[in-house]
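Residue numbers start from 1 in every chain, and the chains themselves are labelled A, B, ... in the order their sequence lines are given, proteins ahead of strands.
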Amino acid sequence: METKVEVKYTFVQKDGDLQKIIPELESEPIIALDTEGSDLDPYKARLLLLQIAVKDKTYVIDCTKVDISPLKNLLEGERPLKIAQNSKFDYELLRVKANIKLGNLFDTMLAERILTCGVSREISLKTLAAKYLNMQIDKTIRDTFSDLSNPALRGNFSKGQLDYAARDVQVLLEIFSKQYKQLKDDELIETAKLEFAVVPVVSEMELYGSLIDKEKWSEHIKELKIKRDQINKEIQDQIRHLSPYSQVDLFGNVSDTVNLDSPIQLLEIFKKLGENLENTAESTLQKSTHELAKKLLEYRGYEKMITAFGQTILDKINPITGRLHPDFIQIGADTGRFACNNPNLQQIPADSGFRSCFVAKKGYKLITADYSQIELRIMAEVSEDNAFLEAFEKDLDLHSLTASQMFRVPLEKVDKDKRFQAKSINFGLMYGRGPASLANQIGLSVEESRKLLDVYFSSYKKVKRWLDVVGRQAVRYGSVRTLGGRKRVFIIPERNHPDYDKLISSIERQGKNTPIQGTSADITKHALVYIHRELEKRNLDAHLIHTVHDEIVVEARDDSTSEVMKIIEHKMIEAGEKLLKRVPVKVDIHISDCWEKG
DNA sequence: GGGCCGAGCCAC
DNA sequence: AAACGTGGCTCGGCCC
């Protein structure tokens, strides 16, 4: 039997009625809020409802009839605390439709992510209601708000819609109080405060978006397509006689029916050429001596560029703003890093013609800043290794220094090859990399690379000790923390698990990497908050548009660029020094008409 | 025709 | 024989 719970709320449909409830809301230390819009895109959407819940009352405000600007101070101010699920959505909708900038937020979705990093990604309101309130909620009516033929858009909401809207906001207060207790018990309040402070920054960043030079972008795609078609033709001509897929049409045209993107078809062709390949992975093809393999890799390079970064990205330009508004997922990775999609601006090829198509609008410049070797500096900080620390204190080239110690040669005798090998080890260690995988990259035997690692660790004893200890701790305690206090939990397998050893070593590697990668994320997030606040305080026409892990991009008006540059550098260093006490923090920064490496 | 998954490959 | 951390996107291929 299903029990029906009557949803109680006040439906506010007149400006005068809103005025009556404001004093009451102002006296509350905590409120929950939610909004309903007609579209996920805040620029396209209509703001339909604003729901506010306090201890024992719920208000559903009809935004198609009521002017909500009297709530501006309440919603923007420090008091009351505002509880919301996925507050970025509400922030953006209220910002665009009512010029309200939500302040002092507690986001139940982010809180849940913080509490369960590593064990779960279930953070929907439905999940939270079930987990904390043992309540089953139905979200299907949500879709009716976006239905254009729906009477709601003419200002008539159904009882079902209003009940739904009220229920969604009512559940938040209790979820909040349970999550808050858990955050305190797990010593995650600092992390939560940071994440909640990031919400307005990310929201503004998404809303501002970034500009693409469409003509230049299309031109670049065109060039890539010509190259791809050329190499495709060469391959097809070469293998046509082997293909069981080729077809000749009525006019005698032979179609290119070997699908170069299909591993199954390719393996068959290779078989006929006398090569039995395991798979068509990049590493396998690199080992093949056949010309087809070489050409295939070349083809794939172009194909990847065209499909992943070609027209699809242009299609995502917002018709209203003419800019790209990607979705930044604030806690995308279990380490605390951002993820990004629609489109993923964090994977635009670094050394291609695409990045330079991201431009500043007329009269503005792009300022690109990134932390110099932040992860290695974090490793120096946490390991307290003297050689590492000294290298950064003296601002030496760590990779060359490492090479000089490993190969027992003076610094000036370190060549490119030795530096590359040292660099591979320095980076590899942060990923928990072993001799076998290292050997593969630097072209040595496993035995040779094992010896190299031994020499390495004899120079950096404390690095080895730290890696060993933190790897063991991850398994023993089932969690690790970053310097910011962020926590990642690991599910430790039972002893009799068939893949026990494999799983354990994977956890060890994650345990080594997470404090490094996650601390870097902590630092970048602090920097975003500091920069945003300072730019706002000084009322500068400069806006964060982008972040890629250790990099921050700002679009700034021409006349403010030198001031903005100083702010960015200063605030990034301040953020770094908040968590790194033993190592200096360095930022590389430059100004340009487009997004590019300095 | 949508959902899911692995392969392959882009980023840091 | 392999044993590299964190993501997202596109494709082929399979399932319902």
* So, is A:T312 near the phosphate of C:dT10, with a side-chain N or O under 4.0 Å from OP1 or OP2? -> yes
* Does A:K225 NZ have over 12 foreign heavy atoms under 6.0 Å away? -> no
* Closest to the A:A339 side chain: B:dC12, C:dG8, C:dA3? -> C:dG8
* Nucleotide B:dC10, atom P - distance to CZ of A:F354 in whole Å -> 12 Å
* **Spacing between A:E375 atom CD and B:dA11 atom C1', to the nearest angstrom** => 13 Å
* Asked: Does A:R488 make a side-chain N or O approach to OP1 or OP2 of C:dT6 shorter than 4.0 Å?
  -> yes
* In whole angstrom, give the distance that lies between atom CD of A:Q347 and atom C1' of C:dT10. => 10 Å
* Asked: Across the strands shown, which category fits A:I329 at heavy-atom distances under 4.0 angstrom: base, sugar-phosphate, nothing?
  -> sugar-phosphate
* To do: Using the P atoms only, state how far C:dA1 lies from B:dC9, rounded to an integer number of Å.
  => 24 Å
* Structure fact -> From the candidates C:dG7, C:dG5, C:dC4, the one with an atom nearest any side-chain atom of A:R121 is C:dG7
* Asked: Taking the side chain of A:V548 as its heavy atoms from C-beta onward, which of B:dC12, C:dC9, C:dT6 lies nearest to it?
  -> B:dC12
* Is A:R509 near enough to C:dG5 that one of its side-chain N or O atoms lies under 4.0 angstrom from OP1 or OP2? -> yes
* Tell me which nucleotide among C:dG5, C:dC4, C:dG8 gets nearest to the side chain of A:N344. => C:dG8
* To do: Please state whether the phosphate of C:dT6, meaning OP1 or OP2, lies under 4.0 angstrom from any side-chain nitrogen or oxygen of A:Q510.
  => yes
* With sugar-phosphate meaning primed atoms plus P, OP1 and OP2, does A:D370 contact a base, only sugar-phosphate, or nothing at under 4.0 Å between heavy atoms? -> nothing
* **Salt bridge flag under 4.0 Å for residues A:D468 and A:K464** => yes
* Length of the line joining A:I504:CD1 and C:dA3:P, which is rounded to integer Å -> 19 Å
* Asked: Are A:R509 and A:Y431 in a cation-pi setup, meaning NZ or CZ lies under 6.0 angstrom from the ring centre and within 45 degrees of the ring axis?
  -> no
* Value in whole Å for how far the C1' atom of C:dT6 lies from CG of A:N513 -> 7 Å
* To do: Please say whether the positively charged group of A:K525, taken as NZ for Lys or CZ for Arg, lies over the ring of A:F338, i.e. under 6.0 angstrom from the six-membered ring centre and within 45 degrees of the axis.
  => yes
* Do other residues, nucleotides or ligands put more than 12 heavy atoms under 6.0 Å from the CD atom of A:E447? -> yes
* Touch check for A:N342, heavy atoms < 4.0 angstrom, all strands: base, sugar-phosphate only, or nothing? -> sugar-phosphate
* Asked: Nearest of B:dC12, C:dC9, C:dT6 to any side-chain atom of A:D550?
  -> B:dC12
* Nearest-nucleotide pick for A:T335, side chain only, options being B:dC12, C:dT6, C:dA3 -> C:dT6
* Asked: Does the distance from a Lys or Arg side-chain N to an Asp or Glu carboxylate O, for A:D334 and A:R121, drop under 4.0 Å?
  -> yes
* Mind checking A:G434 for me? I need base, sugar-phosphate or nothing, with any heavy atom below 4.0 Å counting as a touch. => sugar-phosphate
* A:M430 CE to C:dC4 P: how many Å, rounded? -> 15 Å
* Structure fact -> Rounded to whole Å, CZ of A:R433 lies from P of C:dA3 at a distance of 11 Å
* Structure fact -> When rounded to whole Å, the NZ to C1' distance for the pair A:K502 and C:dA1 reads 11 Å
